[in-house]
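One structure below.
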Amino acid sequence: MKQTINDLIAQALHELEQASQIPSELGSNIQVTSSKDPSQGDYASNIALMLAKPAGMPPRDLAQLIADRIAAADSIDRIEVAGPGFINFFVASNTSQSVINSILEQAENFGRSSLGQGNRIQVEFVSANPTGPLHVGHGRGAAYGATLANLLGFVGYEVQREYYVNDAGRQMHIIGTSTWLRYLELCGEDIVFPSNGYQGDYVWDIAATLHRENGERFRRPAAQVFADVGEDAPAGDKEKHIDHLIANAHGLLGEDDYRIVFDLALNTLVDVIRNDLHAFGVDFDRWFSERSLSDEGLIEQAITRLQDNGHVYEQGGALWFRSTEFGDEKDRVVRRDNGQTTYFASDIAYHMDKFDRGFAKVINIWGADHHGYIARVKASLSALGYNADDLEIQLVQFANLFENGAKISMSTRSGEFVTLRQLREDVGLDAARYFYVMRKAEQHMDFDLDLAREQSSDNPVYYLQYAHARICSVRRQCAEKGLEIATQQINLSRLDNVHEQALTKHLSLFPEQVESAARRREPHLVVNYLRELANHFHSWYNAHQFIVDDIELRDARITLAVAIGQVLRNGFALMGVSAPEKM
RNA sequence: GCGCUCGUAGCUCAGUUGGAUAGAGUGUUGGCCUCCGAAGCCAAAGGUCGUGGGUUCGACUCCCGCCGAGCGCGCCA
């Protein structure tokens, strides 16, 4: 419809130019928007306001000139000039009602588009270190990423969902060693657990598995384990303390046995995360291992490529990437003076690999605390010869969590955190998913856990689901009363009250809202849309009876209700929320 | 100190590439079920859009200064 109006305006402008009533080549960027207020028509264009100055005419006069030129069209009832010079279009009711037939015909495909043209796009999200179960802080990225991926698929992209598993590096050695120390305690060794170790109960669980499956095979005397490790905090350096423990674990266990302990911790935690996410309705196509980058020589390959392109230099025994050449604020080390490559080097290799896999677009969803990292990753892509604009980074702000009126901090290390699983069990999957995506991702957000728990029946998601359940209920009523609802030859012109007009108008906006949400990477727009749809529906429901004696009217109203139910379901599917028939 | 993301109703937040009278939820105060589900509807009240300038027909939106919040500035990951 927007396009139709756009074309009508373009044609009118063209004719006016031909007739020399306005100067030519005004550079018309025609904008057509849907109106909020019904008195301002269904659609409006500000074209006259835009062109008033270059045309040297008062906006209202120009608007009238254009409006008079616009050819009559079946789909347009009337055109008005209003306000400072807007042109308002009133769509003919039979045209706006035709959307109902489109919805019923296209069913679960209503709203799909070919915007993505089948291009491959990757969405990488969550990617939390596998050092413990996911907590509520990870939920926002999970829900946002999953919904965005669904949205992109819906508008015609071929989407790949990926989780980057940080299975290399110091944090993983700390979790591995923490597991081993708990295991030694189970063996009866006298262990003083390091302050910098992972202290959550889940570490005990992994240690118990290790003990159950391997007996005392990995047992070593505590005296040897703590030989030469130095003081722990507060008297000593907790970082050095844990690093020495890791080194001792390597030495005492030997590389092969160390790896068994390490991998058990890693695999168990990745499984926990995978299961938690699955239960949260979030599944990935690929779990990409950071360790595989070094195993397959990709890190060396990336560094070599940077060297070949002349973007690397040596200083202080380390190898530096000259990222400042591409806008970063300082150069970055890729290989330390001890010969080890940095985490950043892995990330360069990882992103190189992403682009070598042929994605037209790569979207990374990162916590807002990683914003300082964007410049260097983009710099590395440019240096490798890729178009850095093809990497898009969406930042998700943290949610401040409140419990008992106080802000609570999340620490995987100390084991003090509310898990994503607990949240889901407390408030339910639908409420949790809805809560996370109802707000714009870059907006800071406060999350009151008590409120979420206690008032879970007040959660706004039920408002939407209730609309769907009511529609299903009406259909059940019809069936119980033995009323046949016609599926063809519905006289939709009977839908003539203000509620029905608002509903058909709103339904027709779904496809463009979905496209806009996908293009802007803002799933919350879909949530807003659905809320408005439910609002219109509830108002209508309270104002009018559906099951009436007038068969033609009854058929028309129930057909509209069915169409609303379909659009709600399509929206729910994108959000990962269920569409209950009863509540 | 520099950088990133922000600042909208008592509270939590929307506000479409700059558009018409800045909107929801929640909370407060009133109404609405002999009728398809009251997890709902209708209405009232609630605002110097942090602040001061600038750009223009028009600014919550764009630009600059200031104030305030969160986060980031490592040869950690």
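So you know, we letter chains A, B, ... as the sequences are listed, proteins then strands, and number each from 1. The structure presented is a predicted model; accordingly, all values stated were derived computationally and were not measured.
Taking 3.5 Å as the limit, the base of B:G72 and the side chain of A:His370 contain no donor-acceptor pair of atoms between them. Side-chain atoms of A:Asp347 stay outside donor-acceptor range of the base of B:A77, with no qualifying N/O pair under 3.5 Å. A donor-acceptor contact under 3.5 Å links the side chain of A:His371 to the base of B:C71.
Using a 4.0 Å heavy-atom distance criterion, A:Asp369 is classed as a sugar-phosphate-only contact. Looking at heavy-atom distances under 4.0 Å, A:Arg531 makes contact with sugar-phosphate atoms alone, never a base. If you check every strand for non-hydrogen atoms under 4.0 Å, A:Ala543 touches nothing. A:Ala168 comes within 4.0 angstrom of sugar-phosphate atoms only, judged by non-hydrogen atoms across all strands, and of no base. If you check every strand for non-hydrogen atoms under 4.0 Å, A:Asn46 touches a base. Here A:His544 lies in heavy-atom contact (under 4.0 Å) with a base. Counting any heavy atom pair closer than 4.0 Å across all strands shown, A:Gln31 reaches a base atom. Note on A:Ala318: a base of the nucleic acid sits closer than 4.0 angstrom, heavy atoms only. The residue A:Asn129 sits close only to the backbone: its heavy atoms come under 4.0 Å of sugar-phosphate atoms, none of a base. Among the heavy atoms of the strands lying under 4.0 Å from A:Lys582 is at least one base atom, whether or not backbone atoms are also near. If you check every strand for non-hydrogen atoms under 4.0 Å, A:Gln315 touches a base. A:Asp328 comes within 4.0 angstrom of no nucleic acid atom, judged by non-hydrogen atoms across all strands. Base contact: A:Ser473 has a heavy atom under 4.0 Å from a base atom. Counting any heavy atom pair closer than 4.0 Å across all strands shown, A:Arg439 reaches a base atom.
Residue whose closest nucleotide on RNA chain B sits further toward the 5' end, between A:Ser35 and A:Val333: A:Ser35. Each of A:Thr341 and A:Gln40 was matched to the nucleotide of RNA chain B holding its nearest heavy atom; the match closer to the 5' end belongs to A:Gln40.
Ring geometry for A:Trp366 against A:His370 counts as tilted: the plane angle lies between 30° and 60°, on a 0 to 90° scale. Ring geometry for A:Tyr163 against A:Trp287 counts as parallel: the plane angle stays under 30°, on a 0 to 90° scale with 60° as the upper cut. Between A:His250 and A:His173, the two ring planes are tilted [angle within 30° to 60°].
Residue A:Arg470 places at least one side-chain N or O under 4.0 Å from the OP1 or OP2 atom of B:A38. Contact check, A:Ser539 against B:C42: a side-chain N or O comes under 4.0 Å of OP1 or OP2. In this model, the phosphate group of B:G37 is approached by a side-chain N or O of A:Gln477 to a distance below 4.0 Å at OP1 or OP2. In this model, the phosphate group of B:G15 is approached by a side-chain N or O of A:Lys440 to a distance below 4.0 Å at OP1 or OP2.
Anti is the conformation of B:C71, whose glycosidic angle sits further than 90° from 0.
Regarding A:His468, its NE2 atom lies at a distance of 18 Å from the P atom of B:A39, rounded to whole Å. Rounded to a whole Å, the CD atom of A:Gln394 is 12 Å from the P atom of B:U5. If you take CZ of A:Arg475 and P of B:C36, they are 19 Å apart, rounded to a whole angstrom. Between the OH atom of A:Tyr541 and the P atom of B:C35 there is a distance of 11 Å, given to the nearest Å. Between A:His536 atom NE2 and B:A24 atom C1' there is a gap of 12 Å when expressed in whole angstrom units.
Between A:Arg170 and A:Glu239, at least one side-chain N (NZ, or NE/NH1/NH2) sits under 4.0 Å from a carboxylate O, which counts as a salt bridge. Electrostatic pairing of A:Arg476 and A:Glu480 does not count as a salt bridge here, judged by no charged N lying under 4.0 Å from a carboxylate O.
Atoms CG and OH, from A:Asn535 and A:Tyr463 in turn, are 3.5 Å apart once rounded to the nearest 0.5 Å.
Of the candidates B:G15, B:C35, B:A20, the closest approach to any side-chain atom of A:Leu525 belongs to B:G15. Candidate nucleotides B:A39, B:C76, B:U5 were compared by shortest atom distance to the side chain of A:Gln397, and B:U5 ranks first. Of the listed nucleotides (B:U16, B:A77, B:A39), B:A39 has the atom at the smallest distance from the side chain of A:Tyr466. The side chain of A:His524 has B:A14 as its nearest neighbour among B:A14, B:A39, B:G40. When each of B:G19, B:G15, B:A77 is scored by its nearest atom to the side-chain atoms of A:Tyr343, the top-ranked nucleotide is B:A77. The side chain of A:Lys330 lies closest to B:C75 when the candidates are B:A14, B:C75, B:U17. Nearest to the side chain of A:Val474, among B:C36, B:C73, B:G15, sits B:C36.
Stacking of A:Arg376 on the aromatic ring of A:Phe321 is not recorded, the 6.0 Å distance cut-off and the 45° axial limit not both being met.
By the 5.5 angstrom centroid cut-off and the 30-degree plane limit, A:Tyr373 is classified as not stacked against the base of B:G72.
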